[in-house]
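Residues: numbered from 1 along the sequence shown. It should be emphasised that the depicted structure is a prediction, and the values quoted were computed from it without experimental measurement.
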Amino acid sequence: MHTTTDTLATPVTAAKTIPSSQQQSGLAMHILGAVAFVHLLNDLIQALLPSIYPMLKAEFALSFTQVGLITLTFQCTASLLQPWIGLYTDRRPLPFLLPVGMCFTLAGVLMLSVVSTFPTLLIASGLIGVGSSTFHPEASRVARMASGGRYGFAQSLFQVGGNVGSALGPLLAALVIVGRGQGNIAWFSLLAVLAIAVLYSVSRWYSGHLASYKPKAGGHGPNLSRNKVMGALAVLALLVFSKYVYMASLSSYYTFYLIDKFHLTIGAAQLYLFLFLAAVAAGTFMGGPIGDRIGRKRVIWISILGAAPFTLLLPYVDLFWTAVLTVIIGFVISSAFSAIVVFAQELVPGKVGMIAGIFFGLMFGVSGIAAAAMGHIADISGIAYVYKICSYLPLLGILTVLLPHIEQAPKK
């Protein structure tokens, strides 16, 4: 069965794949804005978990290992389903899966506000993860459909919505939940309800535009052998590994690190986490358009390997320079993800949902496993040691040299 994913092509063949009229009128900013806004809401809700870890650790008497298991549960449910959902909907589009999936997030938030045991806390986290696993591949597809051929811009706008939500999560958690009790988590269910309403409207647009995105004769991928394509995807996966293991060390344990090393309060530590996450949002937004202009491979080079000097310094500086370095790290390293996703989609035309599912899923899965492992290391050797061993990960950015050249000359 033909699918909605056929706008996927390399930059060189895009003109063959997308009719010129569609390229000129296809940029649907209201739809891009809608999916970016819901990505904000979705990731804001997700950001609740790490934001309230100190509160949950105290109320449930959790070890760092158990904190890591919460992240692992959420991230694994959010990751394992994504490639399969993307692959299935590449073949049989399900426009209204978007609001249905968000209903799982709603159930998870409501459950999180009332649970009283560690196992039920894991179940609530898993439900939020299931909602995320249905949202990301389908919403990424909608962003590409609405891009009008500006794939990097569309992916960045979509992704930056999630980063803004992740940055706002700790602030809202500090204002609404911390110090006021677990029951206040239920207020965030209103955000899930709003997301469901917006996604219903997006799904109606998606359903109405399926016919416009059927395959066109002549669309094909880069002139590479299957082995070279698989090798390039493996390199991209390793780059995602290096990026998101390091990011997991900051998103899950940065507040604990600041409290332990600099004796900050929970509220003050969350403000520093907000600064880092805001820098991540800014870097994500810049990465896509810059990749459209100078080439995605160059952005990947600069983003991952370029963060290494700053990550290597971070464990040895005072509070002021910790804040400065984490802002720089967040901005630089976050610019790679949109470029990686679009680069991978151009390697495998016609599989937008599957590729988005794999890479978003890989992001969540790697982050979850890394968070659990780092929690165990923190229990044994201390939280500061985690940042020393993770500081070398961005050096894997040197693997970018192995990626093939598949892009057209940068636009002037």
Partner residues of S335 under the side-chain hydrogen bond (donor to acceptor under 3.5 Å, both in side chains) criterion, sequence neighbours left out: S303

For K297 against T400, the heavy-atom pair lying closest together: CE-O, 3.4 Å

Side chain to side chain donor-acceptor pair (under 3.5 Å) partners of residues 381-392, not counting sequence neighbours, each pair once: none

Partner set under side-chain hydrogen bond (donor to acceptor under 3.5 Å, both in side chains) for S113, not counting sequence neighbours: none

V229 and R226, any side-chain heavy atoms less than 4.5 Å apart: no

Sequence-distant partners of K228, side-chain contact (heavy atoms from CB on, under 4.5 Å), two or more places apart: L224, S225

Aromatic ring pairing H39/F135, orientation class (parallel under 30°, perpendicular over 60°, tilted between): tilted

For L402, all residues meeting side-chain contact (heavy atoms from CB on, under 4.5 Å), sequence neighbours excluded: V235, L399

ring-ring contact (aromatic ring centres under 6.0 Å, His included): pairs with one or both residues in residues 82-106, sequence neighbours excluded: F96-Y200

Shortest non-hydrogen separation from L239 to G397 and the atoms involved: CD2-CA, 3.8 Å

Residues forming a ring-ring contact (aromatic ring centres under 6.0 Å, His included) with F153, sequence neighbours excluded: none

Heavy-atom pair of closest approach, residues T77 and S125: OG1-O, 4.3 Å

L396 side chain reached by L238 side chain, heavy atoms, under 4.5 Å: no

Side chain to side chain donor-acceptor pair (under 3.5 Å) partners of residues 314-330, not counting sequence neighbours, each pair once: Y254-T326

All side-chain hydrogen bond (donor to acceptor under 3.5 Å, both in side chains) counterparts of N184, not counting sequence neighbours: none

Closest approach of A269 to L258 (non-hydrogen atoms, all atoms of both residues): O-CD1, 3.9 Å

Partner set under side-chain hydrogen bond (donor to acceptor under 3.5 Å, both in side chains) for Y246, not counting sequence neighbours: none

Six-ring centre of F64, K57 cation under 6.0 angstrom, axis tolerance 45°: yes

Check against side-chain hydrogen bond (donor to acceptor under 3.5 Å, both in side chains), S140 and H136: CA-CA 6 Å; S140 182; H136 284 99; over 6 Å; no

Side-chain heavy-atom pair L233, V348 within 4.5 angstrom cut-off: yes

Contacts of type side-chain contact (heavy atoms from CB on, under 4.5 Å), residue L122, not counting sequence neighbours: I70, T73, F118

Residues forming a side-chain contact (heavy atoms from CB on, under 4.5 Å) with M286, sequence neighbours excluded: I290, F331

Where L97 and E138 come nearest, the two heavy atoms and their spacing: CD2-CG, 4.2 Å

S207 (side chain) donor-acceptor with S203 (main chain) under 3.5 angstrom: no

Heavy-atom side-chain proximity of Q159 to V341 below 4.5 angstrom: no

Contact check, side chains of V240 and L236, non-hydrogen atoms, under 4.5 Å: no

Nearest heavy-atom neighbours spanning I259 and L264: CG1-O, 3.4 Å

Under 3.5 Å donor-acceptor, K243 side chain and I304 backbone: no

Heavy-atom side-chain proximity of F188 to L172 below 4.5 angstrom: yes

